[in-house]
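Since the structure comes first, as structure tokens, the remarks are kept for the end.
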Number of protein chains: 2
Amino acid sequence: MRVCIVGCGAVGSLFAANLARLEGVEVWAYDLAREHVDAINRDGLRLSGAGDVVARLRATSDAQKLPPCDFGIVATKAMHTESAIRATAHAFAGGAVATVQNGIGNEEVIAGHVERVIRGTTFPAGKILAPGHVQWDVKGDTSLGPFEPQPAPFAEIERLADACTRGGMPTTAVADARGPQWRKVIFNASTNPVGALTGLTHGRVCEDAGLRRFVSGLVDEGKAVAAAQGIELDADPEELIDHAAKPEVAYDHKASMLQDVEARRATEIDYLNGGIVRFGRDHNVPTPLNTAIWALVKGLERSWVQTQ
Amino acid sequence: MRVCIVGCGAVGSLFAANLARLEGVEVWAYDLAREHVDAINRDGLRLSGAGDVVARLRATSDAQKLPPCDFGIVATKAMHTESAIRATAHAFAGGAVATVQNGIGNEEVIAGHVERVIRGTTFPAGKILAPGHVQWDVKGDTSLGPFEPQPAPFAEIERLADACTRGGMPTTAVADARGPQWRKVIFNASTNPVGALTGLTHGRVCEDAGLRRFVSGLVDEGKAVAAAQGIELDADPEELIDHAAKPEVAYDHKASMLQDVEARRATEIDYLNGGIVRFGRDHNVPTPLNTAIWALVKGLERSWVQTQ
């Protein structure tokens, strides 16, 4: 089995290194960060933290070097999906491509370039410490299922899920992957931008009654949009919020969007709250709070660009 | 006529210096900023910009030094109303006290300490350049009217309005001062926190379609709360927003709340959006957007305080 990780950042690296440990799985990593690619090819890809792994794999920034693959796993930031899959699609002409990205709408973009698509959601997290070295912050489950309009065969989805699980990334093949995906999107969209706008860590957002009411208002809109599509959430997103607010879990954790804002990098807001608003519009579900916070974060991004 | 300006910051200084130019008006200024008080007593109070004035008046940080006054004009930030009027109330035992502050609820606080209260709203703005020296940024009108539960006699309100007008601060005595007040509160509450959270100037907030829709959503809630109280706005707050967004007016102006946020000073959000939410609750008018942005700005203020 040959797998290519498209976007070998923190999350992509967790899949790449763990899959590369398996016999019979050949892993490629496609990433535009040259130093990271060079370090992986020279010293292997190293994970430390929740698990310690050093794995040998092939990395490249040149998509033309990729051989035909059975599977792709797209793990770029959502705003880079289009360019990444356009560059690499040729490698998946006979295979299937999964996304483990944040947000809504990545499957649709991937399906514009490849035939068989796998809807996916993953909860593990980490951060790049140095080129070739990723800190594995938290373990967590992954769900994979068919992307409804252009599904990969279910047996193939099971084959990929099985490999991930054997590699140390517990993964379930499910008939409808929208439930876990929307649970995570609602969680992210309801907490990340609140941290990003206020500068508060996850725990401090949740302990403030006024902010928590606002977070729950965002959650309620997301649930209504999911329900209007006939999506059954696999659990209540509020549970994820309660969990992450615990001191021993992520109380002091700055949401990735807050990290983006502090570094003045473009955020994934268009694929989180923006996605909820778009799907809400398509299904006549009002989303005034998600619309408002989407506009605020876009305004914040715009303030970094001087005019005149 | 003896008038005491309670809180001689930028706006208070505009009233103090302009009134002090009049024959027959004795002006006192009460302020806790010692350097400013000392400079006023030594060199006079100087305005420059929209008008150039140097006025002689008496300034003090010791409320016990204040003589009995015919009028007080409270011009502190809204969160300092209580302490300022508690300290100075003795000077107004036989007089009437007006507020020209931002926000809702200042009259109620003043009425807890003095008998005759004047509801007021003012549009001129400025900033302190140095102790004793204030830049007068924009001219504008002032409205004064009775505070309904503890009104000053209308003839007294007219006397104060007439003095302000003669001094160069055009002021109208009106039977119901709630219209102009709510128009200004709605304007401030709908634009200031958006600038404060995004870092955008007034003009840049308004030229972004998404943010402008959010601003108008905040305005609509404020209008509904005003209408529920039977308040007739003297004009549409949207006109103020359009006006301030013009390049030649305040396109590049950072809202005072953004200036507060950049300096990590407590904002007046509790008296702007917080006031609209409280009055909305009292009159069964839902204010979800004002509630949300109130919580976000309070969260931002909280982020400046380290925990642990």
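Labels below follow one simple rule: chain letters A, B, ... track the order of the sequence lines, proteins then strands, and each chain is numbered from 1.
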Report summary line: Among residues 282-290 of chain A, residues within the sub-4.5 Å heavy-atom range of chain B, in order of number, are A:Pro288, A:Leu289

Query - Nearest heavy atoms of B:Arg278 and B:Ile104, plus distance in Å - result: NH2-O, 4.4 Å

**Report entry** Under the ring-ring contact (aromatic ring centres under 6.0 Å, His included) test, residues paired with A:Phe279 that sit two or more places apart
**Finding:** A:Trp182

Report task. Answer with yes or no whether the side chains of A:Thr267 and A:Glu301 bring together a donor and an acceptor at under 3.5 Å. Result -> yes

Report task. Using only heavy-atom distances, determine whether the side chains of B:Asp52 and B:Trp136 contain a donor-acceptor pair under 3.5 Å. Result -> no

Report task. Going by the side chain to side chain donor-acceptor pair (under 3.5 Å) test, name the single residue among A:Thr76, A:Thr121, A:Thr122 that passes it with A:Gln101. Result -> A:Thr76

Requested in this report: Please check if the side chain of A:Arg183 supplies one atom and the backbone of A:Leu240 the other of a donor-acceptor pair under 3.5 Å.
Outcome: no

